[in-house]
Amino acid sequence: MNELAKTFSPREVEDKWYEAWLSNNCFDRVIDPSKPSFCILIPPPNVTGVLHMGHLLNNTLQDLLIRYARHSGKSALWVPGTDHAGISMQVRVEKELAKKGIDKKDIGREKFLKQASLWRDEHGGIIFKQLQKLGVSCDWKNMKHTLDTDYSRGVLTAFVELYKRGYIYRGRRMVNWCPVSLTALSDEEVKMMPQTSKLYYVKYELVERPGEHITVATTRPETIPGDVAVAVNPNDERYKDLVGLHCMRPLSKVSIPIISDEAVVKDFGTGALKITPAHDQVDFEIGQKHNLEIIDVLNPNGTLNEHGGEWCGMDRFDARIAIGKRLKKIGLLVKEEEYENNVGFSERGNVPIEPKLSEQWFLRYPKVKEAKAVVSEGLIKFYPERWTKIYLHWLDNIQDWCISRQLWWGHRIPVWYRKNSDRSDSKNWHVSVDGPVDKENWSQDEDVLDTWFSSWLWPFGVFGWPDRNKMAESGFDYFFPTDDLVTGPDIIFFWVARMIIASLEFIGDEKASLTLEEMKNRIPFQSVCFTGIIRDSLGRKMSKSLGNSPEPLDLIEKYGADGLRIGLLLIAPYGQDVLFDEERIVQGRNFCNKLWNGARFRLMQQSNYDKTDLPGLIGKVDRLESDDQAILLQLVKCKQDLDTYMAKYEITSAVQCIYNFFWNSYCDWYVEISKHRVQRGERNALIVHDIVMRQVLLMLNPFIPFITEELWHACGYAKENSFIQYEYCERASDLMLLFEPLKLEEKSLLEAKQRRDFVNACRLLLSQNKHIPSKSAKIIVKLRDGNSKKLFSESLGNVLNINAMEFSDRELSLPATISDIGTIYIDTSGTSIASLQTRRDKILREIGELNKLIAINEGKLNSADFTKKAPKNVIDGARRLLENNIEKRDALEKILASL
RNA sequence: GGGCGGCUAGCUCAGUUGGUUAGAGCAACUGGUUUACACCCAGUAGGUCACAGGUUCGAGUCCUGUGUCGCCCACCA
């Protein structure tokens with residue numbers, strides 16, 4: 001084998017291996033009934049999206065889970081795909097057209113869609129090229145897009161089915177209207193933002209008692225032309241005698257009634273509320289109850305309409321100020337005060353949404369009860385678990401979903417209206433996927449469906465639902481229910497909850513309600529792993545305007561995909577946001593380099609045996625030293641911990657246990673202690689190194705796929721034409737079985753620890769006697785009773801790099817320290833002791849510490865309460881500790897006396 | 001207004017059902033290139049576990065309250 005370079009250079013290996021994996025179809029879906037299946041569906045990014053930090057974490061995690069599943073002997077499938085992103089995509093295309101001076105209305109729907117598709121095909125899919133740099137192992141041959149023909153059929157089928165089943169209806173209701181994108185939005189797309197507004201107190205003159213007024217408080221004077229009443233609480237003494245009278249709506253001067261309604265809060269403002277049913281949900285409900293007229297004063301784009309009189313055409317916010325001024329001028333404004341309130345904003349348009357009465361399609365959610373049950377009964381598990389509460393709370397308060405959007409880009413609603421007939425009468429509707437045969441007599445609904453109405457079908461839509469043949473071909477029956485979903489909690493309602501509902505409704509036969517047993521086969525996934533948000537090191541969200549987001553591809557360039565992946569996982573605390581700091585990715589890169597050098601160390605020794613198979617390697621061992629046994633046992637423990645953490649999605653802990661095993665236990669200790677044997681070419685030692693390296697590479701492969709693939713081949717562990725990712729990674733129990741002939745002894749672990757403690761103690765002693773050059777230092781050990789010299793080997797001297805080590809059976813008057821093995825002295829004969837005082841101080845400090853601990857334990861043991869009530873093992877522990885500490889203290893005191 | 005989460009070393013985080021002396025990485029400081037690695041090795045220092053009560057033989061861990069930062073939900077205009 002060629003010698004490796006001194007430093008790992010990611011660039012040289014990454015592209016090479018990714019290409020090899022692709023050309024060998026490594027990521028293809030394989031329907032193999034002899035294996036358990038494992039499936040993840042990518043949360044579809046926007047088709048024209050580019051990779052950002054959030055994707056980086058999210059996809060690293062998914063790739064990790066997929067590759068980990070492969071190593072566990074499963075047939076793993078990761079389905080990639082994109083979302084058509086209705087509003088944002090339409091806005092972008094409109095902007096592109098505007099640059100060319102084109103208004104979408106001029107070119108019409110057909111041409112616009114053609115343009116949009118062209119633009120998508122040109123700019124789409126960039127994100128997947130970027131993800132490939134990260135090493136993700138998706139089934140690229142089966143990319144899905146929500147506007148694909150077959151997927152679209154699924155979307156329309158879902159609409160038609162839900163309509164037939166009575167869940168979809170058309171209604172004239174108050175919706176969230178975005179005056180910028182000119183479409184209705186769902187409740188979930190509205191973000192509440194605290195705003196400093198003005199509360200205007202406006203006098204309405206009483207019709208029946210001229211000269212007297214009732215004062216209302218409002219933040220929205222521009223809607224006064226739409227006022228149809230003033231309402232007070234029926235129990236409000238102040239206004240009791242006014243109910244039933246009328247007052248004069250300001251500006252346009254129309255007499256409107258004063259009514260009473262429970263919904264009015266007495267102690268807000270003046271206790272009198274102006275009622276504008278067209279522009280407020282509460283007002284609308286009151287209006288319905290009292291049979292009031294509805295006067296819409298706004299145009300769709302947020303300007304005042306003809307009802308606005310002289311302010312007609314003015315933007316709602318300008319009109320607010322203008323009307324406020326006018327009210328003041330005509331003496332109807334009592335006062336205005338600053339006021340903090342929450343205003344709903346459109347996420348896309350970033351402007352306040354307008355509650356607007358409009359005719360839309362709504363969905364009453366099916367299977368709500370079942371959707372709650374599958375999570376609360378644990379059929380679907382959330383990680384971290386706390387999200388279940390939030391999920392259940394949402395379902396408890398679920399509102400009908402406004403699914404129609406006044407856009408062109410998306411799935412056009414499959415409803416046709418008979419021409420020249422009453423649209424409001426459902427007798428004149430035709431609802432089907434393919435439309436009526438005599439299309440010329442019908443006109444299709446102009447609107448499209450909310451993008452999420454297609455995304456919520458993702459778990460089965462990607463398998464070709466509802467086409468049974470396509471589903472069979474794509475392995476639906478094998479892979480569904482899928483296993484893990486990795487996503488952010490920000491879309492728990494938008495997407496996660498709705499996917500659960502959709503799957504429960506559409507998978508299997510139509511049924512109004514389901515038993516738990518039936519639900520088991522209908523859930524879309526079994527676990528949901530919620531990731532945190534990536535923030536900058538100051539805890540701020542990453543955003544374009546702040547410019548605090550690094551470019552993911554630059555990071556890959558700088559640290560390597562592997563270094564970035566493992567670095568990111570190391571700093572992502574379970575279930576919490578990630579504070580990203582580029583310096584911390586350095587740790588990931590350094591780890592990769594350490595791994596590289598671990599392999600490099602091994603490769604400096606030739607060996608002629610076959611290394612492609614673990615049982616084979618084990619079979620070649622004829623004798624193991626205690627250190628060898630210990631590292632193999634630690635290897636088993638490491639794999640066990642890794643699996644435990646992975647099962648809980650505690651990824652950082654999973655990374656950390658391999659990191660610690662490899663760096664701390666293997667490199668820092670085992671490599672050093674066995675170095676002289678390796679350099680001598682001792683076969684048993686080499687084999688142990690191979691066993692450990694082999695398993696380390698296997699365990700690490702899901703985290704850092706490129707470097708492990710490279711080293712797997714470089715070290716000669718690869719069978720011909722094979723890749724590491726398809727090797728089975730033995731579980732802890734497998735390893736124990738395979739290691740059985742080696743007769744590994746548990747006590748080797750303790751011995752290794754004792755040796756290590758001993759070495760640490762020696763090192764401390766040496767560092768405290770720096771005047772003695774270590775090469776000429778001599779260590780003398782007085783063994784503690786019961787310990788044997790067998791604990792020692794020449795390796796200890798090598799690790800310590802000292803001149804000599806001797807044993808003594810009596811106490812000596814030399815600088816010393818205590819370890820479990822015994823008292824350690826350093827021979828200072830022939831040198832002057834310069835640091836005696838420092839040494840003395842140090843020992844005094846240690847004795848002080850020990851005395852404190854002794855006092856604590858004595859106190860405990862002397863307390864009758866403690867000895868009476870505490871369990872035996874705790875008491876024994878305390879006693880043992882006390883004895884140990886006393887022994888240590890006494891020994892130190894002897895040393896002190898001898899100095 | 002309701003709910004959730006965080007608060008542990010300078011920084012970022014671990015800390016299982018309460019039980020021996022609260023840990024790790026990074027940063028800091030000290031020393032070190034013997035042929036895996038300076039993207040390294042050895043070591044040192046650093047903590048009133050946000051605060052106040054309570055339960056307990058024993059609390060970072062459980063209970064109550066407070067503070068603080070951050071999320072989510074909610075129709076007081």
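So that the names make sense, note that chain A is the first sequence line, chain B the second, and so on, each numbered from 1.
Pairing of B/U20, defined by two Watson-Crick or G-U wobble distances under 3.5 Å, is not identified with any nucleotide. Taking a pair to require two hydrogen-bonding distances under 3.5 Å in either a Watson-Crick or a G-U wobble arrangement, B/G5 pairs with B/C69. The nucleotide B/U61 finds no pairing partner, because no Watson-Crick or G-U wobble arrangement with both distances shorter than 3.5 Å includes it. Using N1 to N3 plus N6-O4 or O6-N4 for Watson-Crick, or N1-O2 and O6-N3 for G-U wobble, each under 3.5 Å, B/U35 pairs with nothing. Across every strand in view, B/U44 sits in a pair with B/A28 that passes the Watson-Crick or G-U test at under 3.5 angstrom. Look at B/C49: it lacks any Watson-Crick or wobble partner with both distances under 3.5 angstrom.
Contact annotation for A/R589: base contact, defined as any heavy-atom pair under 4.0 Å involving a base atom. Within 4.0 Å of A/E672, counting heavy atoms only, lies at least one base atom of the nucleic acid. If you check every strand for non-hydrogen atoms under 4.0 Å, A/V586 touches nothing. Using a 4.0 Å heavy-atom criterion, one finds that A/I571 contacts no nucleic acid atom at all. At a threshold of 4.0 angstrom between heavy atoms, the contacts of A/A870 include nucleobase atoms, whether or not backbone atoms are also involved. Residue A/C592 is out of contact with every strand shown, counting any heavy-atom pair closer than 4.0 Å. At a threshold of 4.0 angstrom between heavy atoms, the contacts of A/W663 are confined to the sugar-phosphate backbone, with no base atom among them. Using a 4.0 Å heavy-atom criterion, one finds that A/P871 contacts the bases of the nucleic acid, with or without backbone contacts as well.
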A/K274 and A/D227: CA distance, side-chain angles, deciding distance, salt bridge (charged side-chain N to carboxylate O under 4.0 Å, His left out) verdict: CA-CA 6 Å; A/K274 75 184 197 61; A/D227 287 355; 2.8 Å; yes

Worked verdict on A/W387 versus A/Y391 for ring-ring contact (aromatic ring centres under 6.0 Å, His included): CA-CA 6 Å; A/W387 294 109; A/Y391 168 87; over 10 Å; no

Derivation and outcome, salt bridge (charged side-chain N to carboxylate O under 4.0 Å, His left out), residues A/K852 and A/E849: CA-CA 5 Å; A/K852 257 193 251 167; A/E849 286 297 314; 3.6 Å; yes

A/R220 vs A/E354, salt bridge (charged side-chain N to carboxylate O under 4.0 Å, His left out): CA-CA, chis, key distance, verdict: CA-CA 11 Å; A/R220 304 201 57 190; A/E354 193 59 49; 2.7 Å; yes

A/F662 and A/M693: CA distance, side-chain angles, deciding distance, side-chain contact (heavy atoms from CB on, under 4.5 Å) verdict: CA-CA 9 Å; A/F662 178 70; A/M693 269 311 283; 3.9 Å; yes

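Between B/U8 and B/G2, the two P atoms lie 27 Å apart (nearest whole Å). Taking atom P in both B/G3 and B/G65, one finds a spacing of 11 Å when rounded to whole Å. Remark: the separation of the C1' atoms in B/A9 and B/A52 is 24 Å, to the nearest Å. The separation of B/A74 from B/C63, taken at their C1' atoms, amounts to 29 Å, rounded to a whole angstrom. Remark: the separation of the P atoms in B/G25 and B/A45 is 15 Å, to the nearest Å. Nucleotides B/C69 and B/C62 have their C1' atoms positioned 25 Å apart, rounded to a whole Å. B/C57 and B/C13 are spaced 33 Å apart, taking the C1' atom of each and rounding to whole Å. Separating the P atom of B/G32 from that of B/G70 is a span of 47 Å, rounded to the nearest Å.
Proximity note for A/L853 (side chain, C-beta onward) versus B/A36, B/G19, B/U21: the nearest is B/U21. In the set B/G43, B/A36, B/G25, the nucleotide with an atom closest to the side chain of A/Q587 is B/G25. In this structure, of B/U20, B/C41, B/C13, it is B/C41 that holds the atom nearest to the side chain of A/K594. Checked against B/C39, B/G19, B/A42, the side chain of A/N593 finds its nearest nucleotide in B/C39. In this structure, the nucleotide among B/A14, B/C4, B/U20 sitting nearest to the side chain of A/K860 is B/U20. Of the candidate nucleotides B/C4, B/A36, B/U21, B/U21 has the atom lying nearest to any side-chain atom of A/I856.
Counting atom types as modelled, A/K868 pairs no side-chain N or O with a base atom of B/C57 as donor and acceptor under 3.5 Å.
The side-chain heavy atoms of A/I854 and A/L882, taken from C-beta on, include a pair separated by under 4.5 Å.
For the pair A/N590 and B/C40, the criterion of a side-chain N or O lying under 4.0 Å from OP1 or OP2 is met. The phosphate of B/G43 has OP1 or OP2 within less than 4.0 Å of a side-chain N or O from A/N760. Dashed line: the shortest gap from a side-chain N or O of A/K558 to OP1 or OP2 of B/C39 is not under 4.0 Å. At B/A36, one or more side-chain N or O atoms of A/Q679 fall inside 4.0 Å of OP1 or OP2 (strictly under the cut-off).
Here the C1' atom of nucleotide B/C4 and the CD1 atom of A/I492 are 12 Å apart, to the nearest Å. Rounded to whole angstrom, the span from the CD1 atom of A/I585 across to the C1' atom of B/U12 amounts to 12 Å. When the P atom of B/G25 is taken as reference, atom CD of A/Q656 falls 9 Å away, rounded to whole Å. The nearest whole Å value for the distance from the CG atom in A/D396 to the P atom in B/G2 is 19 Å. The NZ atom of A/K648 sits 10 Å away from the P atom of B/U16 (whole-angstrom rounding). Atoms CD1 (A/I534) and C1' (B/C13) sit 16 Å apart, rounded to a whole Å.
Ring centers of A/Y339 and A/F268: under 6.0 Å apart, within the cut-off.
Between A/K753 and A/D757, at least one side-chain N (NZ, or NE/NH1/NH2) sits under 4.0 Å from a carboxylate O, which counts as a salt bridge.
Each of A/R756 and A/R584 has a nearest nucleotide on RNA chain B; the 5'-most of these lies closest to A/R584. Nearer the 5' end of RNA chain B, as judged by each residue's closest nucleotide, is the contact made by A/T652, out of A/T652 and A/N660.
Between A/F8 and A/W596, the ring planes lie tilted relative to each other; the angle falls in the 30° to 60° range.
Closest approach of A/P355 to A/M174, counting heavy atoms only: C-SD, 3.7 Å. A/T270 and A/V216 make their closest contact through OG1-CA, 3.6 Å (heavy atoms, listed as atom of the first residue, atom of the second, distance).
When each of A/E582, A/Q587, A/R589 is checked for a side-chain hydrogen bond (donor to acceptor under 3.5 Å, both in side chains) with A/Y559, only A/E582 meets the rule.
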Reading 5' to 3' through nucleotides 44-49 of chain B, protein heavy-atom contacts under 4.0 Å coded B for base, S for sugar-phosphate only, - for none: SS----

Footprint string (nucleotides 70-77 of chain B, 5' to 3'): B base within contact, S backbone only, - free, heavy atoms under 4.0 Å: --SSBBBB

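Checking A/Q634 against A/W669 by side-chain atom types alone, no donor-acceptor pair falls below 3.5 Å.
Remark: A/S674 pairs with A/H689 by the side chain to side chain donor-acceptor pair (under 3.5 Å) rule, at least two apart or across chains.
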